[in-house]
S.K.: 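The following block contains the structure, expressed as structure tokens.
Bear in mind the structure is a predicted one, so any value in this text is a computation, not a measurement.
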Amino acid sequence: MKLLKVYTSPIGDISIIEEENKIIEISFGVKSGIEKGSSLLLEKTENELQEYFEGKRTEFDIPIKLKRTEFYEKVWNELKKIPYGETRSYGEIAEKIGNPKASRAVGMANHNNPISIIVPCHRVVGKNSKLVGYAGGLDKKKYLIELERKVKSV
């Protein structure tokens, strides 16, 4: 059974969805059609997100479940390796996963990332560090990148 908790962050509502004791989705906005509830894992996830937005957390300790195609999983696992406060280009991610011509496919995997922030797709930028594409909106992407850079520089 899926459970939903809505966390009100500094950049808007974030839906946190748990299934089988793992977080399966963190997305912007309020999801419908899922039972709202609470659990220890949902509370822990909300607390870790709050600490992240307060600049007190740079890594997450939440069990997540990522399940899609093998290619998507490769991309998402590579995203988790991008250090806090840093960015990588779509091309760099494509090279890291051994498919240097797959920049657009990396972009599609980023777009379909179900676990925003924890799987940091906001850290992926276009050529010349240009902010492009983010399911939550470029304003949110910019906020997250600037938050991390500010915390990292302190």
S.K.: Would I26 end up clustered with V124 when hydrophobic side chains under 4.5 Å apart are linked, directly or stepwise?
M.R.: yes

S.K.: Does V119 offer a backbone N or O that forms a donor-acceptor pair with the side chain of W76 under 3.5 Å?
M.R.: no

S.K.: Given side chains that start at C-beta, do those of K36 and K5 come closer than 4.5 Å, heavy atoms only?
M.R.: no

S.K.: Tell me if a side-chain donor or acceptor on E48 pairs with a main-chain N or O of D61 at a distance below 3.5 Å.
M.R.: yes

S.K.: Would a distance-only check, ignoring hydrogens and angles, find a side-chain to backbone donor-acceptor pair under 3.5 Å from E43 to L40?
M.R.: no

S.K.: Relative to each other, are the rings of Y84 and Y52 parallel, tilted or perpendicular (30° and 60° limits)?
M.R.: perpendicular

S.K.: Evaluate the ring planes of Y143 and F53, with Trp represented by its six-membered ring, and classify them as parallel (under 30°), tilted (30 to 60°) or perpendicular (over 60°).
M.R.: tilted

S.K.: I24 and L41: same hydrophobic cluster, using ILVMFWY side-chain contacts below 4.5 Å?
M.R.: no

S.K.: Flag the pair K2 / E35 as yes when at least one side-chain heavy-atom distance between them is below 4.5 Å, and no otherwise.
M.R.: no

S.K.: When rounded to the nearest 0.5 angstrom, what distance separates CZ in R68 from CG in N113?
M.R.: 9.5 Å

S.K.: Could you tell me whether the side chain of N128 and the main chain of K130 form a donor-acceptor pair under 3.5 Å?
M.R.: no

S.K.: Would you give the length of the straight line joining atom NE2 of H122 to atom CG of L79, rounded to the nearest 0.5 angstrom?
M.R.: 10.0 Å

S.K.: Find out whether I14 and V6 are in side-chain contact, i.e. whether some heavy atom of one side chain is under 4.5 Å from a heavy atom of the other.
M.R.: no

S.K.: To the nearest 0.5 Å, what is the distance between CD (E86) and CD (E148)?
M.R.: 10.0 Å

S.K.: Testing the basics here: between V132 and G126, what is the closest heavy-atom pair and its distance to 0.1 Å?
M.R.: CG2-N, 3.6 Å

S.K.: What distance do E146 atom CD and K150 atom NZ have between them, rounded to the nearest 0.5 Å?
M.R.: 10.0 Å

S.K.: Tell me, do R88 and P83 make a side-chain contact under 4.5 Å, heavy atoms counted?
M.R.: yes

S.K.: Closer than 3.5 angstrom, by distance alone: can the side chain of R123 be matched with the main-chain N or O of I82 as a donor-acceptor pair?
M.R.: yes

S.K.: Please report the closest heavy-atom contact between E18 and L42, naming both atoms and the distance.
M.R.: OE1-CG, 3.4 Å

S.K.: Kindly determine whether E25 and S15 satisfy side chain to side chain donor-acceptor pair (under 3.5 Å), including the steps that lead there.
M.R.: CA-CA 8 Å; E25 184 175 339; S15 290; over 6 Å; no

S.K.: Between K152 and L147, is any pair of side-chain heavy atoms under 4.5 Å apart?
M.R.: no

S.K.: With the side chain counted from C-beta on, respond yes when K80 and L66 share a heavy-atom pair under 4.5 Å apart, and no when they do not.
M.R.: yes

S.K.: Using modelled atom types only, decide if a donor and an acceptor are shared between the side chain of K141 and the backbone of V125 within a distance under 3.5 Å.
M.R.: no

S.K.: Determine, step by step, whether K96 and K74 satisfy the side chain to side chain contact (heavy atoms under 4.5 Å, CB included) criterion, reporting the C-alpha distance in whole Å, the side-chain angles of both residues, the deciding distance to 0.1 Å, and the verdict.
M.R.: CA-CA 9 Å; K96 289 277 191 181; K74 279 183 183 179; over 6 Å; no

S.K.: How far apart are the closest heavy atoms of S103 and A94, and which atoms are they?
M.R.: N-CB, 3.9 Å

S.K.: Atom CD of E54 and atom CZ of R57: how far apart are they, to the nearest 0.5 Å?
M.R.: 11.0 Å

S.K.: With no hydrogens and no angle check, is any side-chain donor or acceptor of T8 less than 3.5 Å from a backbone partner on D13?
M.R.: no

S.K.: Between E19 (side chain) and L3 (backbone), is there a donor-acceptor pair under 3.5 Å?
M.R.: no

S.K.: Within the side chain of N110, is there an N or O that forms a donor-acceptor pair under 3.5 Å with the backbone of Y134?
M.R.: no

S.K.: Hey, does Q50 have a side-chain heavy atom less than 4.5 Å from the side chain of Y7?
M.R.: yes

S.K.: Give the cluster check for I16 versus I64: same hydrophobic cluster or not, with ILVMFWY residues linked at side-chain heavy-atom distances below 4.5 Å.
M.R.: yes

S.K.: Between atom CD1 of I11 and atom CG of D139, what is the distance when rounded to the nearest 0.5 Å?
M.R.: 8.0 Å

S.K.: How close do E95 and P100 get, heavy atom to heavy atom, and via which atoms?
M.R.: CG-CB, 3.8 Å

S.K.: Within the 4.5 Å heavy-atom criterion, are I97 and E73 side-chain neighbours or not?
M.R.: no

